[in-house]
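Quick note on labels: first sequence line is chain A, next is B, and so on, each numbered from 1. Below, all heavy atoms of this structure are taken into account, side chains as well, without hydrogens, waters or symmetry copies.
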2 protein chains.
Amino acid sequence: MSETRDRPYHHGDLRRALIDTALNMLATDQNWAFTLREVARRTGVSHAAPYKHFRDRETLLRELARIGFVRLGKSMTEAMSLGLPSTRAQFMAAAQACIGFACQNPGLYRLMFSSDADKTIDPSLHDAAMKTFGILLGLLERGQRDGSFRPVAVSALAAAGWAQVHGLAMLAISHQLLEEKVGSAPVPAALDVLLDGMCCTD
Amino acid sequence: MSETRDRPYHHGDLRRALIDTALNMLATDQNWAFTLREVARRTGVSHAAPYKHFRDRETLLRELARIGFVRLGKSMTEAMSLGLPSTRAQFMAAAQACIGFACQNPGLYRLMFSSDADKTIDPSLHDAAMKTFGILLGLLERGQRDGSFRPVAVSALAAAGWAQVHGLAMLAISHQLLEEKVGSAPVPAALDVLLDGMCCTD
DNA sequence: CCTCCATGTTTACAGGAGAAACTTATGCAG
DNA sequence: CTGCATAAGTTTCTCCTGTAAACATGGAGG
């Protein structure tokens, strides 16, 4: 077979390749039936090869989740850096970026908040999640300083904002934001209601 | 063995027994590694017996999710029926009931919103979810009529309220409402921020 | 009383997680 | 350059799961 020499015995960067394959599957598959063997198969290696790079299935899942948080953070940061006039508009943009990210990577987003991605046993995953959360927190603090957001405890704003965005994202990818229930543009509508509660300008 | 006669060959109500076992496991296990065979084992029947009552694993999961929505609806209705003075207080009570339900049944709550419980292929599950959502919607409409909530589109209030409550529940059972991030009592704090945006009394 | 059928059980098979033993290539010591 | 230690693959094995098929049982209706 000519295939024998298509790829050297040693892959070169199998770890990266496995992660890429898995991320692609997560972005594509709605079903979310993640299988280590299928990742290996699609990457073109034997089903035991991944164990040379990840202790077990969950270790790979946690690494994927970590990358997800990094990417999500980047999306939100970019959305906030578009030179929008008000802090309120920046919050809206970051929130919509997060929900857009979830809709484009439903499997990955679910994974990031699933019990498979246990943050209590992986400091780097925990750090990545904290860092992304920190982006939101920074925006809220800035908004309070410039007088956009009400001077209540910033932790209250943070909990409210985070829960709202995460809840909308989860409902969106679960296809539960049906028009019959919540109107035609539920995301900005809901965010506006929340922002009315967060902002000073009534 | 004396066990041979402990239970008659025909269980009597195996369907119910399987559901009860599964619900107990869901309430207990944080890990959420649901296995049909283990449900059968713990119920004391052979691993193939469940197939006489459920087409496949997912059919059982959907039935469990349906029961979850019914129970959640009951919890919320009860919380609203405590004779609380304001509609705002009733919303707060219903929201906390929902989040409390999630914390007491993390596995079940996750299931209810997971892709395993596909509402598009099970009308009775879809109906149960819609009905529970309807409780929230009814409360919001009542609140608008009595002047508690602002006269914006009720769908906006519904999307905001639902997302907020669901988001808080998901974050709570993912142990992501850490004090370092969101203060010591994030749930009421966040709900108050949202309610400030929903209510007329500023 | 006998027979049917719903509801059980046993057996069988495919596919996944993960461990262990084996193989190959690569980099480094001499 | 030679040769070996080792990282990175592969094969093989065991245990577990979901699910189908064949078989067994016992209670209800003729």
Taking side-chain hydrogen bond (donor to acceptor under 3.5 Å, both in side chains) as the test, write out the residues that go with A:Arg142, two or more places apart. A:Gln90

Return the orientation label for the B:Tyr109 and B:Phe101 ring planes: parallel under 30°, perpendicular over 60°, tilted otherwise. perpendicular

Atom CG of B:Leu61 to atom P of D:dT17: distance rounded to whole Å? 15 Å

Name all residues meeting the side-chain contact (heavy atoms from CB on, under 4.5 Å) criterion together with B:Asp20; count only those two or more places apart in sequence or in a different chain, and write none if there are none. B:Arg16

With sequence neighbours left out, write down each residue that passes side-chain contact (heavy atoms from CB on, under 4.5 Å) with A:Ala65, or none if nothing qualifies. A:Leu111, A:Met112, A:Ala117, A:Leu125

For B:Leu36 and C:dG16, give me the distance from atom CG to atom P, rounded to whole Å. 18 Å

Which pairs, with at least one residue in residues 40-49 of chain B and sequence neighbours excluded, count as a salt bridge (charged side-chain N to carboxylate O under 4.0 Å, His left out)? B:Glu38-B:Arg42

Just the table, please: protein N/O against nucleotides 10-14 of chain C N/O, every pair under 3.5 Å.
from, atom 1, to, atom 2, distance (Å)
C:dT11, O4, B:His47, NE2, 3.0

Pairs flagged by salt bridge (charged side-chain N to carboxylate O under 4.0 Å, His left out) wherever residues 181-195 of chain A is involved - sequence neighbours left out: A:Arg88-A:Asp192

Should A:Arg41 be listed as having a side-chain N or O under 4.0 Å from OP1 or OP2 of C:dG15? no

Going by the angle between their ring planes, with limits at 30° and 60°, are A:Phe113 and A:Phe69 parallel, tilted or perpendicular? perpendicular

Per the under-4.0 Å heavy-atom filter, residues of residues 52-59 of chain B near DNA chain D come out as B:Asp56, B:Arg57

A:Trp162 and A:Phe133 aromatic ring geometry - parallel, tilted or perpendicular at 30°/60° bounds: tilted

Within residues 120-141 of chain A or reaching into it, pairs that qualify as salt bridge (charged side-chain N to carboxylate O under 4.0 Å, His left out) - sequence neighbours excluded: A:Arg62-A:Asp122

Can you tell me how far CG of B:Asp146 sits from SG of B:Cys200, rounded to the nearest 0.5 angstrom? 9.0 Å

Listed by chain and number, what are the side-chain contact (heavy atoms from CB on, under 4.5 Å) partners of A:Ile135, not counting sequence neighbours? A:Thr77, A:Met80

What parts of residues 13-21 of chain B reach DNA chain D, counting only heavy atoms under 4.0 Å away? none

Determine the minimum heavy-atom distance between A:Leu157 and A:Met198, stating which atoms define it. CD2-CG, 3.9 Å

Interatomic distance, B:Glu38 CD vs D:dG18 C1' [rounded to whole Å]: 14 Å

Overall bend - the helix from C:dC1-D:dG30 to C:dG30-D:dC1, comparing terminal axes fitted on five pairs, nearest 10 degrees: 10°

Applied to residues 64-79 of chain B, the salt bridge (charged side-chain N to carboxylate O under 4.0 Å, His left out) test, sequence neighbours excluded, yields B:Glu63-B:Arg66

